[in-house]
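Chain identifiers are assigned alphabetically (A, B, ...) following the order of the sequence lines, protein sequences preceding nucleic acid strands; residue numbering begins at 1 within each chain.
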2 protein chains.
Amino acid sequence: MSLQYLRVFAYIDEVARSGSIRKAAEKLFISASALDRRVQDLEAELGTPLFERHARGMRLTAAGELFLHHVRAQRADFERIHGEIEHLKGMRRGTVAIAASQALAFSVLPELIDRFRRANPGITFKVLICDRQAVVTALRAFEADLGLVYSVQPASDLAVVMEVEQRLCAVMAAGHPLAARDAVRMRDCLQYPLAMPDPNLGARALLEAFFARSSLKPNVVLESNSFEMLRNFVRTNDAVSFQIQVGTPLQYNQDGVTARVIEERAFPRQPLTVAQLKGRHLPQPAVRFLAALREEMQSRGTVVT
Amino acid sequence: MSLQYLRVFAYIDEVARSGSIRKAAEKLFISASALDRRVQDLEAELGTPLFERHARGMRLTAAGELFLHHVRAQRADFERIHGEIEHLKGMRRGTVAIAASQALAFSVLPELIDRFRRANPGITFKVLICDRQAVVTALRAFEADLGLVYSVQPASDLAVVMEVEQRLCAVMAAGHPLAARDAVRMRDCLQYPLAMPDPNLGARALLEAFFARSSLKPNVVLESNSFEMLRNFVRTNDAVSFQIQVGTPLQYNQDGVTARVIEERAFPRQPLTVAQLKGRHLPQPAVRFLAALREEMQSRGTVVT
DNA sequence: TGTACCGTTCTGTTTTTTGCAACGCTCGTC
DNA sequence: GACGAGCGTTGCAAAAAACAGAACGGTACA
């Protein structure tokens, strides 16, 4: 649903996204000339150019940035109101849009969403799995209601609605010698080849911080931006990988892979944080899902905020 | 400035205000039929009627209430963004809309606004003086950015941004016997005829609360909803009136009227509160004015919040 | 120096919005 | 109980806005 009367707002949004009138026009199924006129008319009404014209396309001006944010906020808020009107009509429909780190794609989110949908049928989900920078981008563009990230850089336009204390886990094959032990220390892991998450995965920052002030030398045989890749790798050999607690199969061995919490006294800790765009009204379904998420996390570990 | 593309939103807003298509059409300078079609088209797009049709006119449905609030929020937020864009262009323009109780109309607001405008030329003000119920209404309808009220009933959609502890004052002629004293007690006032603020003025609630648990019997000779009326009345006789501190000329005798703080140990107190609509982004000028207001109040009395 | 892509303008066409007159309806009143 | 005043609503033609397609002028990159 996009409401005929907000057409021009959608135009501006798309032009900013595509960075070009012609590309935007194609996506909007109108001609470039028509789109161009709408942009120019709006600029005339505002008395300010919203875009800088370059040979390669259009870039937002400062005023454009401001206005675009307003446009996206309005479009998102309209969707929320529309959802609440549907709710009044008795239709329990709605969508929750989530942007999350990879770690949550493995078990937490799928299971939680499945359970939530059984209790609240009619509510649909959009889940975007991406790195933590893209999570913030999605929140800012009103493409996600909630962002779930490990080690997010604080930003003044984001509000942290929940923080869950997370410990680091070593991930290994079920038959791995370390799997036989209850407690695993970091120096135990370093006896084996390591499959490391790459720098734009949250867990990496923690590991770097540890190695920086340690004399232990890691033997990295694989580095990847995919937890799935790392997990599948360690299944068939004696390598050890790392992941944050919430993303690991602790209690049950799944697909021949298991995990153990790393017991390390002075290990740097970083919480898993749930964030939203500051000052935004979340749609009702997102509010309810957040409550379910909080309940889930409280039963699982330490919820800080 | 109202932006061509939000035309239909203005239509809905006006229809809700006027309660009738024909009256709204007249104010909007279009025909009733054209307006009617826009309303119907919008309802069709939303899949829900926004208005109930009666022989006397249109009344909002539940969905209509919801949507109207969104419309007004959107229009107000657009004004804010437009102001910030003007700000980018170097034009320091903007408007601060205030809804306030009568008590503030006497000296605080006029003086503060005057001073503020000297420091920030180009910023204009809209001040609506009304009873505290209308203040809340104006905030809800996005007609006011800030509401200044004495004894506001708490509401879930209002956010209190500031509270100033207020004491009650006795107001009397400059030559009144009580004016010769430094400290005035309630029972001193009751020696004289009283000019009482009427029930929908904030100060009245306090007085009622006091009399309810006191054996003193007030001799009320005048009751009015206008502080100006009360003040002018006591000037020429020995009657005593009441007003909250912020609205009274304490230090200087103005127009032959003066005031003294009432010293009463267990007197009920109610703060003057500054409120805004919860979850709303205030325009930049309003934010700056609020800061000036806070500074002023801090120099004048006890700011609680 | 060409070529590919960009935003833009000009033309006429299509779609949307509007005004006007008329209709059906519900109220309050004579 | 008829009647007028007010209301929302509907057809139809006119006006206005948005549109597509071809052509123009420019910049960037090979």
For this session: Could you tell me whether A:Arg280 and A:Asp77 make a salt bridge, using a distance below 4.0 angstrom between a side-chain N and a carboxylate O?
Result: no
For this session: Take the protein atom CE of B:Met58 and the nucleotide atom P of D:dG8, then report the distance between them rounded to whole Å.
Result: 6 Å
Problem set entry | Length of the line joining A:Asp36:CG and D:dG25:P, which is rounded to integer Å | 17 Å
Problem set entry | 5' priority, DNA chain D, between A:Val8 and B:Lys23 [closest heavy atom] | B:Lys23
For this session: State whether A:Lys23 and A:Glu14 are salt-bridged, where the test is any N-O pair (Lys NZ or Arg NE/NH1/NH2 against Asp/Glu carboxylate O) under 4.0 Å.
Result: no
Problem set entry | Closest nucleotide among D:dA18, D:dG8, D:dA20 to the A:Ile30 side chain | D:dA20
Exercise. Can you tell me how far P of D:dA18 sits from CG of A:Leu35, to the nearest Å?
Worked result: 13 Å
Exercise. Which part of the nucleic acid does B:Phe29 contact within heavy-atom distance under 4.0 Å: base, sugar-phosphate only, or nothing?
Worked result: sugar-phosphate
Exercise. Rounded to the Å, how far apart are B:Arg59 CZ and D:dC7 P?
Worked result: 14 Å
Problem set entry | Euclidean distance, atom CZ of residue A:Arg56 to atom C1' of C:dT3 [Å, nearest integer] | 13 Å
Seminar exercise, completed: Here the distance between atom C1' of C:dG7 and atom CD of A:Glu26, to the nearest Å, is 16 Å
For this session: Indicate, with a heavy-atom threshold strictly under 4.0 Å, whether A:Ser33 touches base, sugar-phosphate, or nothing.
Result: base
For this session: Give B:Tyr11 one of three labels, base, sugar-phosphate or nothing, depending on what nucleic acid heavy atoms sit under 4.0 Å from its own.
Result: sugar-phosphate
Exercise. Side chain of B:Ala34: nearest nucleotide among C:dG19, D:dA28, C:dG7?
Worked result: C:dG19
For this session: Before accepting this row, confirm whether a basic side-chain N of the pair A:Asp41/A:Arg37 lies closer than 4.0 Å to the acidic partner's carboxylate O.
Result: no
Problem set entry | Cationic N near anionic O, under 4.0 Å, A:Arg75 to A:Asp13 | yes
Exercise. At under 4.0 Å between heavy atoms, what does B:Arg22 touch on the DNA or RNA strands: base, sugar-phosphate, or nothing?
Worked result: base
For this session: Nearest-nucleotide wise, let me know which of B:Ala32 and B:Ala55 is further upstream toward the 5' end of DNA chain C.
Result: B:Ala32
For this session: Please determine if a side-chain N or O atom of A:Arg53 lies less than 4.0 Å away from the OP1 or OP2 oxygen of C:dT8.
Result: yes
Exercise. Does a nitrogen or oxygen in the side chain of B:Gln40 sit under 4.0 Å from OP1 or OP2 of D:dT10?
Worked result: yes
Exercise. So does B:Glu43 pair up with B:Arg53, basic N to acidic O under 4.0 Å?
Worked result: yes
For this session: Check whether any side-chain N or O of B:Arg7 sits under 4.0 Å from OP1 or OP2 of C:dT18, and answer yes or no.
Result: yes
For this session: Report the nucleotide, chosen from D:dA18, C:dT18, D:dT10, that has the shortest atom-to-atom distance to any side-chain atom of A:Asp41.
Result: D:dA18
Exercise. When the distance from CD of B:Glu52 to P of C:dT26 is rounded to whole Å, what number comes out?
Worked result: 16 Å
Exercise. Between atom CZ in A:Arg38 and atom P in C:dT9, what is the gap in whole Å?
Worked result: 13 Å
Problem set entry | Distance flag, aromatic centroids of B:Phe142 and B:His69, threshold under 6.0 Å | yes
Exercise. Does OP1 or OP2 of D:dC19 have a side-chain N or O of A:Arg37 closer than 4.0 Å?
Worked result: no
